[in-house]
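Below: one structure, written as structure tokens.
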Amino acid sequence: MKLLEAGNITKTYRIGEVDIHALQGVSVTIEAGEFIAIMGPSGSGKSTLMHLLGFLDTPDSGTFRLMEKETLNLKEEEYAFLRNRVIGFVFQQFNLMSRSTALENVCLPLLYSADRTKDLERSREMLGRVGLAERVEHRPNELSGGQQQRVAIARALVNKPLMILADEPTGNLDSKSGKEILDIFKELHLRGMTVVLVTHDENVGNLAERVIRMHDGKIVSDERRSGGGKKEVSAVDLPRLQTFTKVKKYNAEEFLEHFKQAWRMIASNKLRSFLSMLGVLIGVACVITMLALGRGAKESITESLSRLGSNLLSVRPGSVKVHGVEGLAATRLDFEDVKAIQEIPYVKKVAPQVTGQGQLVYGNKNWSTQVIGVTPDYASVRNQEPVSGRFFTAGENQTRQRLVLIGQTVQRELFGSEDPIGQTIKINRVSFQVLGVLPSLGANAFHDQDDVVVIPLMTAMRRLLGKDYVDQIDAEISDLKEMPLAEEAINALIIRRHHLTPDRYDSFNIRNYADIQQALSSTTKTFSVLLGCVAAISLVVGGIGIMNIMLVSVKERTREIGLRKAIGATPRDILLQFLVEAVVVTFIGGLAGIVLAAAISWIIAALAHWQMIITLGSLFLAFFCSASVGILFGLWPAKQAAGLDPITALRYE
Ligand code: ADP
Ligand code: MG
């Protein structure tokens, strides 16, 4: 039965201006079960012919049939199928994967066949058949040349091909190993395998039952000798040749294999991999830190506002700009204003206050801080009930007692671990008795809100700061819904009481804390945008790093890619392999980025006292970023690899 039929095929290589006619009208028919030796001087076109017979290359002209079926101009996937299932190719240079064991090397073609399951038993059996049962776990560098070639033969056999092609299989071996290899081929032939060998060795020629001699790209003789002994021809599996394409099915096993390969690549190039991951690492760290910062800021703003009480309005004198000169005509607020505001129905409590700077002295310690004079209502309006000691009373305020409540920073700076209650401190050289300690308000990004002392309003105005007006009036509104109404009413009231003309409406202002929240979060937003830019740039740079390492990896492994294609990998298989590799690299970079971000967040939280919150969502986003960088920038190198031509790739040095 005719297996392969080549009719009048030509192949011409062009090097610069010179055409090399490697094959000039070669016709050959291979019958099932034959043992053919192709002989001839070097450069006569033997390898070129073998590559065509093995579907590793296509002729320029002529006819080519496999089992009566035309096989010129097939799709790349169809050639991959033929290389995988119909032909077993054995190379002079063995072409084993150096980082894989003998068994893994033999399994490789199975990865690319239709069912894609790694049949370890069959691979073992094949290794046993070539006499390597004891060496399955050895890597190529732990095997002799003859043993390596036997692994290559087992690999060629594992998918039960119709035909074995071997291009000078003994060319790199000593004569003893060479003879052993030839015995294997003879044995295969006796079991019914069709074998085509290229050789220089006349003894091999004697073994074969048909010898084809080539010279200058032509067949000069084709002698048949009667086949020695009886032999059974293996049944040709016709159904599987009905279509040349394999079932497109990707399973977990293939991915696992790719992951393993990727891991080996990274592990054997640690420094290089690390450097190329660096960009992704920084990018991901920035993304997470940015989100943690934004989230933390939002949380702490909301928290400090809820401590302040969000249904709070603060009236303050503003400054009018008259001809560009500031501060000419601020409206001064006085006790009459306080009383009037108290009368407004929506207002629950009013807390006027004055502020100033104070130089504190206790023992030999000095501390400069903000002094606020308040009425007792301040404690409830601003949620500042003392954590220890007590607040002063209305009576103590009226009688201008020299009493003080201190913030936590002041306590730490002046008293350390000492109990401050009942101690006497000097504020601007006036003695005050410490009455209590205020609860912590925490620090926001702008200042330490616990660096403060609170004294009775009247004491502050008359004894310490010498003011006869107040700096701020806080009004607590009974219901959040009434805030706009209350704001409107207070506004009207101040205008009326101070006889303000429209050009002086901005000589006071009313702040509500929702506005402050907005202002604060817009600041952190700016910061987040900044970090976001750094993240984006790093991710792009990181992506280029990934692309670079992948291109290097593709170049370095050109021969491996050639081999994979020669044993049946489709362009998609190769594409997938390199994409998985790129994604694994970026994922590891991303993971390291997460760790780095956690560390940075921790340090920022510890040093700047900013709240940092890393959420699950931001971790997902980080993974998404690194995966998409991997795919985006890995795609091009992977495409390059997938498009390689098997023979050119195998010849690559
Ligand atoms: P053999 O295997 O019989 O030694 P080849 O088939 O390898 O010969 O080569 C036949 C001719 O084609 C030689 O002259 C060789 O230089 C040329 N040749 C083979 N492959 C290429 C190639 N990829 N590019 C250019 N010339 C080539
Ligand atoms: Mg050759």
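Atoms within a ligand are numbered from 1 in the order they appear, just like the ligands themselves.
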Checklist entry - With sequence neighbours left out, which residue pairs that include part of residues 563-598 fulfil the ring-ring contact (aromatic ring centres under 6.0 Å, His included) condition? => result F587-F623
Next on the checklist: Please classify the I20 to ligand 1 contact at 4.0 Å (heavy-atom distances, strictly less than): side chain, backbone, both or neither.
Outcome noted: side chain
Next on the checklist: Tell me the contacting part of I15 for ligand 1: side chain, backbone, both, or neither, using a 4.0 Å heavy-atom threshold, strictly below.
Outcome noted: side chain
Next on the checklist: Could you tell me, atom by atom, which parts of ligand 1 come under 4.0 Å of a heavy atom of T48?
Outcome noted: 5 (P), 6 (O), 9 (O), 10 (C)
Checklist entry - Salt bridge or not for E581 and R557, using N-O below 4.0 Å? => result yes
Checklist outcome for this item: Numbered in order shown, the ligand 1 atoms found under 4.0 Å of a heavy atom of A22 are 10 (C), 11 (C), 12 (O)
Next on the checklist: Quick test of your reading of the model: are E180 and R150 salt-bridged, counting only N-O distances below 4.0 Å?
Outcome noted: yes
Item to check | Sphere of radius 2.8 Å around the Mg ion (ligand 2) - protein N, O or S atoms inside | outcome: S47 OG
Checklist entry - Could any protein non-hydrogen atom be found less than 4.0 Å from atom 16 (O) of ligand 1? => result no
Next on the checklist: Looking only at the side chains, is there a donor atom on one of Y112 and R564 sitting less than 3.5 Å from an acceptor on the other?
Outcome noted: yes
Item to check | Per-atom contact, atom 22 (C) of ligand 1, protein heavy atoms, under 4.0 angstrom | outcome: yes
Next on the checklist: Looking at R264 and E104, is any side-chain nitrogen of the basic one under 4.0 Å from a carboxylate oxygen of the acidic one?
Outcome noted: yes
Item to check | Ionic contact status for E560 with R99, cut-off 4.0 Å | outcome: no
Item to check | Intermediate values then yes/no, side-chain contact (heavy atoms from CB on, under 4.5 Å), L165 and M163 | outcome: CA-CA 7 Å; L165 301 178; M163 177 163 60; 4.0 Å; yes
Checklist entry - Looking at ligand 1, does R651 have a heavy atom less than 4.0 Å from it? => result yes
Item to check | Nitrogen or oxygen of G43 less than 3.5 angstrom from that of ligand 1 | outcome: yes
Item to check | atom 19 (C) of ligand 1: nearest protein contact (heavy atom, Å) | outcome: Y13 CE1, 3.3 Å
Checklist entry - Is the closest N or O pair between S47 and ligand 1 shorter than 3.5 Å? => result yes
Next on the checklist: So, applying salt bridge (Lys or Arg N to Asp or Glu O under 4.0 Å) with R224, which one of E34, E31, E209 is it?
Outcome noted: E34
Checklist outcome for this item: Among non-hydrogen protein atoms, atom 8 (O) of ligand 1 lies closest to G45 N, 3.3 Å
Item to check | Y79 and F81 aromatic centres sub-6.0 Å | outcome: no
Checklist entry - If you draw a 6.0 Å radius around CZ in F624, do more than 12 non-hydrogen atoms from other residues or ligands fall strictly inside? => result no
Checklist entry - Just wondering, more than 12 heavy atoms not from H215 lying within 6.0 Å of its NE2? => result no
Checklist entry - In terms of side-chain geometry, is the basic nitrogen of K160 or E125 positioned less than 4.0 Å from the acidic oxygen of its partner? => result no
Item to check | Contact atoms of ligand 1, heavy-atom distance to S42 under 4.0 Å | outcome: 4 (O)
